[in-house]
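Have a look at the structure below, then the notes.
Residues: numbered from 1 along the sequence shown. Side-chain atoms are counted along with the backbone in the values below, which use heavy atoms only and exclude waters and symmetry mates.
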Amino acid sequence: MLGTTEQTVALWERRGKIHAIANGTLTLTASTTNYVYADPTTGAVSVNTTGYPSGKVPLYSIVTGTTTVSSYTDCRSYQPSATGGSGGSFGNQNANYVFAGPSSGAAAAPLFRQLVGADFPVFGASGASHSAGAVPDPGATAGNTRFLREDGTWQVPSGAGGSSTLSGLTDVSVTEGAGINGYSLTWNNTTGKWVATNVSGGSSSSSGFGTPDTPPASSAFTWVNQGSSTVANDSYGMYIVEPGHTGDSVALLVKAKPSTTSWRMAARLKFLGSCTTYNTAGLCLYDSVSGKICHFGLQITSTSAIGLLVQYFNSTTSYNTNAIAAVTWAEVPDWWSIRTDGTNYYFEVSQDGINWMTFGQVAVGAFITANQVGVFINASNSTSIPYGLRVFSFTAA
């Protein structure tokens, strides 16, 4: 066995830092190569005859004879090849840290640190080069109106109106067209839902009678000359009843007419009245300024005949004339409509809500400048028998 004392302070470099190891004594094995190494954490020096252990810092390789040291090699500079190809190992580091130069400023020795935005190049526009990189900075103020385009720029979608959701829009109406088939779609900003309303009675179902009605509520209408008339609401819609009376007294439930030049008002109605009076009920146009009324309705006469007619009223109690005289009808229609193209009002009826028949027409402005639309009832010339009108559906768009 041999004993030796290191004659100088051992210096070794690890991870960019110089470490000093004080002089000490090790026991070497005779007639072999001894490998002297240090622990990278504690600095403790050890020796073996098998080679430098993985993760330790090589100091010396010493060849001994039977009683003396024959030669030695100084391995104190950090040389991965001196570890027999197994390489050194770094100490434990925090997750998501990398071994890199400084994050900013002048050049400096590398160390373990977290990545920063400047470590990533901004990607370029797509194309043959297929540039890689990070997402470009969208700006100092956060928003929700832009998207990242393939040319590497942030853009607001064309026609987005600065909103990424329907809740940011005002009420939107979709006119009748392919795929809607007779229905008007309206976005309700309060409920956040689309509402489908039957405009022309169209249907996409195979039955030919349309989808179930959306029952109207009386709260959407305003009474004109209500008097003793009543209205009830249920799951089927509105049920209006006017007590019998002498002479004319037209009761109306109306709402604002559509603002467009061309529009349609359509409803599914059912009538209940006497066959001994001139009871009428149906759809109406109303001018709230002059009080004039134009109504398209069903009349039950004293001769038990069922007739369709269009009447003008100067007021709710003052009859003017029949714009279209009563025409006897074999069967009471289920669907009723007043449609305008801006030139004429067209009075239409239908049995299925799909196929419409034009009963008659009058010129727009011929008698009335309407600003409201709705339904009417007039239990005329009866003192004891009421008249009823069931409104299953109603739309004006």
Side-chain angles (χ1 to χ4, degrees), residues 200 221 224-225 229 240 242 245-258 260-269 271 273 277-303 305-351 356-382 387 389 391 394-396:
S200 63
F221 297 81
V224 176
N225 189 39
S229 300
I240 308 166
E242 184 182 51
H245 52 77
T246 301
D248 290 307
S249 182
V250 184
L252 315 174
L253 276 172
V254 294
K255 63 194 308 184
K257 80 172 183 63
T260 56
T261 301
S262 300
W263 51 267
R264 179 195 289 273
M265 168 173 52
R268 187 161 72 93
L269 307 175
F271 305 85
T277 64
Y278 284 91
N279 294 332
T280 54
L283 301 180
C284 68
L285 304 172
Y286 178 61
D287 180 0
S288 62
V289 177
S290 66
K292 291 182 177 181
I293 306 166
C294 172
H295 65 62
F296 168 41
L298 177 80
Q299 183 181 70
I300 304 176
T301 70
S302 58
T303 59
I306 298 173
L308 305 185
L309 79 168
V310 178
Q311 292 183 316
Y312 290 154
F313 274 73
N314 299 316
S315 68
T316 58
T317 58
S318 174
Y319 165 77
N320 183 294
T321 188
N322 283 358
I324 299 178
V327 176
T328 302
W329 216 254
E331 185 177 358
V332 178
D334 285 338
W335 290 87
W336 297 66
S337 169
I338 297 177
R339 174 177 59 87
T340 180
D341 54 10
T343 302
N344 296 301
Y345 290 116
Y346 301 91
F347 304 97
E348 302 173 332
V349 292
S350 173
Q351 289 300 103
W356 292 87
M357 177 183 295
T358 300
F359 166 73
Q361 67 186 59
V362 297
V364 172
F367 173 75
I368 186 175
T369 303
N371 59 7
Q372 294 184 319
V373 296
V375 294
F376 82 96
I377 190 168
N378 184 13
S380 175
N381 296 323
S382 171
Y387 196 25
L389 177 66
V391 184
F394 182 95
T395 184

Next item on the list: Would you check if the side chain of Ser249 reaches a backbone N or O of Thr317 as a donor-acceptor pair within less than 3.5 Å?
Entry: no
Exam field: side chain Glu242 to backbone Ala379, donor-acceptor pair closer than 3.5 Å: yes
**Message:** Does the plane of the ring in Trp329 sit parallel, tilted or perpendicular to the ring in Phe359? Use 30° and 60° as the thresholds.
**Reply:** perpendicular
Q | Ring centers of Phe394, Phe221 separated by less than 6.0 Å | A | yes
Side chains of Ser380 and Asp248: any donor to acceptor distance under 3.5 Å? yes
| query | Aromatic rings Trp335 and Trp356: how do their planes relate, parallel, tilted or perpendicular, breaks at 30° and 60°? | reply | perpendicular
Is there a side-chain contact (heavy atoms from CB on, under 4.5 Å) between His295 and Leu252? Walk through the geometry before answering. CA-CA 10 Å; His295 65 62; Leu252 315 174; over 6 Å; no
Please confirm whether the backbone N or O of Trp263 pairs with a side-chain atom of Thr260, one donor and one acceptor, at under 3.5 Å?
no
Self-check item: Side-chain donor/acceptor of Asn320 to backbone N/O of Tyr312, under 3.5 Å
Solution: no
Practice task
Look at the side chain of Asn371 and the backbone N and O of Ser288, then say whether any donor-acceptor pair between them is shorter than 3.5 Å.
Solution key: yes
- [ ] Could you tell me whether a side-chain N or O of Thr340 sits under 3.5 Å from a main-chain N or O of Gly342, the two making a donor and an acceptor?
- [x] yes
Beyond-backbone contact of Val250 with Phe313, side-chain heavy atoms, under 4.5 angstrom: yes
Taking side chain as C-beta onward, heavy atoms only, is Tyr346 less than 4.5 Å from Asp341? yes
